[in-house]
Asks: 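Handing you this structure, nothing more for now.
Fair warning: this is a prediction, and the values are worked out from it, not measured in the lab. Each residue takes its place number in the sequence, starting with 1.
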Amino acid sequence: MSQNPYYSRTDTSKLNVSNDEWKRILPPVLYAVSRQAATEPSFTGNMWKDETIGNYYCAVCGNALFKSTAKFTSMCGWPSFFEPLRKDNMLYREDNTYGMHRVEVLCARCESHLGHIFDDGPEPTGKRYCMNAVSLDFEPTGE
């Protein structure tokens, strides 16, 4: 696998990369989830119950997504957050696949699939950003 030349935790410019290019540079499981909206099986990712303090980034492009202070244990089997780091770092799209009405969450920088948002989270937002762990990179802050 080639290194990802588009990954940056400081560059916030919008990316316009073809799926063929993403397929060439991303690991297969990350490509399937991020570019084809696959879902990793619940309780298999390494982040759903981790309580380490730090920041979460898009695993495809490095866009900053969440702080660990917004993370909570929802017992759904995927990392869950009640608010994003910034409102403009995500895009939302109606998702009516599998006979369900949901709202898909995408990275605003690279338009990769991250997961879905639901209205059953804790206060203060009442939201649950249910994310695929494979779509996230984590960096502890050492606090």
Side-chain angles (χ1 to χ4, degrees), residues 1 4-23 25-143:
M1 179 190 88
N4 182 346
Y6 306 104
Y7 190 96
S8 173
R9 292 189 178 169
T10 56
D11 185 355
T12 58
S13 62
K14 179 91 167 133
L15 294 171
N16 186 15
V17 179
S18 71
N19 275 337
D20 286 341
E21 175 72 357
W22 285 128
K23 189 171 189 173
I25 62 176
L26 297 177
V29 68
L30 180 54
Y31 178 81
V33 170
S34 65
R35 306 310 303 174
Q36 299 176 312
T39 300
E40 67 190 359
S42 61
F43 302 101
T44 61
N46 62 346
M47 299 178 187
W48 72 272
K49 64 179 179 177
D50 189 313
E51 296 180 9
T52 306
I53 303 297
N55 298 309
Y56 292 85
Y57 301 87
C58 175
V60 173
C61 73
N63 188 27
L65 301 173
F66 300 100
K67 286 191 169 290
S68 60
T69 53
K71 189 170 186 264
F72 67 98
T73 302
S74 69
M75 297 310 295
C76 66
W78 294 279
S80 297
F81 304 85
F82 59 81
E83 68 183 349
L85 185 64
R86 295 183 323 271
K87 292 191 184 304
D88 64 347
N89 65 358
M90 295 180 187
L91 303 173
Y92 304 94
R93 181 169 55 199
E94 294 293 315
D95 178 0
N96 294 307
T97 58
Y98 306 109
M100 295 183 276
H101 175 73
R102 302 178 291 176
V103 176
E104 179 183 17
V105 179
L106 302 124
C107 173
R109 182 167 184 248
C110 66
E111 294 191 15
S112 287
H113 172 80
L114 300 169
H116 292 88
I117 185 173
F118 301 95
D119 291 324
D120 60 0
E123 294 301 326
T125 65
K127 300 294 184 188
R128 176 172 52 99
Y129 288 79
C130 185
M131 304 289 100
N132 288 285
V134 72
S135 295
L136 303 174
D137 274 345
F138 178 74
E139 182 177 318
T141 57
E143 296 175 21

Asks: Counting N and O atoms only, with roles assigned by atom type, does the side chain of Ser135 sit under 3.5 Å from a partner on the main chain of His113, one being a donor and the other an acceptor?
Replies: yes
Asks: Identify the heavy atoms of Leu30 and Ala59 that sit nearest to each other, and give their distance.
Replies: CD2-O, 3.8 Å
Asks: To the nearest 0.5 Å, tell me how far Asp20 CG sits from Ile25 CD1.
Replies: 11.5 Å
Asks: Under a 4.5 Å cut-off applied to non-hydrogen side-chain atoms, are Arg86 and Asn63 in contact?
Replies: yes
Asks: Please tell me if the side chains of Tyr7 and Val60 come closer than 4.5 Å, counting only heavy atoms from C-beta onward.
Replies: no
Asks: Could you grab the distance from atom CG of Asn89 to atom CG of Leu106, nearest 0.5 Å is fine?
Replies: 12.0 Å
Asks: Do Arg128 and His116 touch side chain to side chain, with heavy atoms closer than 4.5 Å?
Replies: no
Asks: Taking the side chain as C-beta and beyond, is there a heavy-atom pair between Phe81 and Leu65 under 4.5 Å?
Replies: no
Asks: Does any pair with a residue in residues 67-85 pass salt bridge (charged side-chain N to carboxylate O under 4.0 Å, His left out), and if so which ones, sequence neighbours excluded?
Replies: none
Asks: Give a yes or no on whether the backbone of Cys61 and the side-chain of Arg109 come within a donor-acceptor separation of less than 3.5 Å.
Replies: yes
Asks: Who passes side-chain hydrogen bond (donor to acceptor under 3.5 Å, both in side chains) against Arg102, sequence neighbours left out?
Replies: Asp95, Thr97
Asks: Report, as yes or no, whether the 6.0 Å neighbourhood of atom CD on Glu94 holds more than 12 heavy atoms from other residues, nucleotides or ligands.
Replies: yes
Asks: Distance-only, no hydrogens or angles: does the Ser80 side chain make a donor-acceptor pair with backbone N or O of Trp78 under 3.5 Å?
Replies: yes
Asks: Give a yes or no on this: more than 12 heavy atoms of other residues, nucleotides or ligands lie within 6.0 Å of atom NZ of Lys87.
Replies: no
Asks: Given Met90 and Cys107, is the side-chain contact (heavy atoms from CB on, under 4.5 Å) satisfied, shown in steps?
Replies: CA-CA 5 Å; Met90 295 180 187; Cys107 173; over 6 Å; no
Asks: Heavy-atom count check: over 12 atoms from other residues, nucleotides or ligands less than 6.0 Å from Asn16 CG?
Replies: no
Asks: Given Phe66, which of Tyr56, Phe138, Tyr129 fulfils the ring-ring contact (aromatic ring centres under 6.0 Å, His included) condition?
Replies: Tyr129
Asks: Asn132 side chain to Glu40 main-chain N or O, any donor-acceptor pair under 3.5 Å?
Replies: yes
Asks: Identify which one of Thr10, Thr12, Asp11 satisfies the side-chain hydrogen bond (donor to acceptor under 3.5 Å, both in side chains) criterion when paired with Ser8.
Replies: Thr10
Asks: Dump the intermediate steps for side-chain contact (heavy atoms from CB on, under 4.5 Å) on Arg9 and Asp137, then the final yes or no.
Replies: CA-CA 10 Å; Arg9 292 189 178 169; Asp137 274 345; 3.7 Å; yes
Asks: To the nearest 0.5 Å, what is the distance between CD1 on Ile117 and NZ on Lys127?
Replies: 5.0 Å
Asks: How far apart are the closest heavy atoms of Met75 and Phe43, and which atoms are they?
Replies: O-CZ, 3.4 Å
Asks: Less than 4.5 Å apart, any side-chain heavy atom of Cys110 and any of Cys58?
Replies: yes
Asks: Does some side-chain heavy atom of Asp120 sit less than 4.5 Å from a side-chain heavy atom of Ser74?
Replies: no
Asks: Looking only at heavy atoms, which two atoms of Phe118 and Cys130 are closest? And how far apart?
Replies: CE1-CB, 3.9 Å
Asks: If you take all heavy atoms of Met47 and Pro79, which pair is closest and at what distance?
Replies: CB-CG, 3.7 Å
Asks: Is there side-chain contact between Trp22 and Leu15, with heavy atoms separated by less than 4.5 Å?
Replies: yes
Asks: How close do Thr52 and Pro140 get, counting heavy atoms only, and between which atoms?
Replies: CG2-CB, 4.0 Å
Asks: Under 4.5 Å between any side-chain heavy atoms of Tyr31 and Gln36, yes or no?
Replies: yes
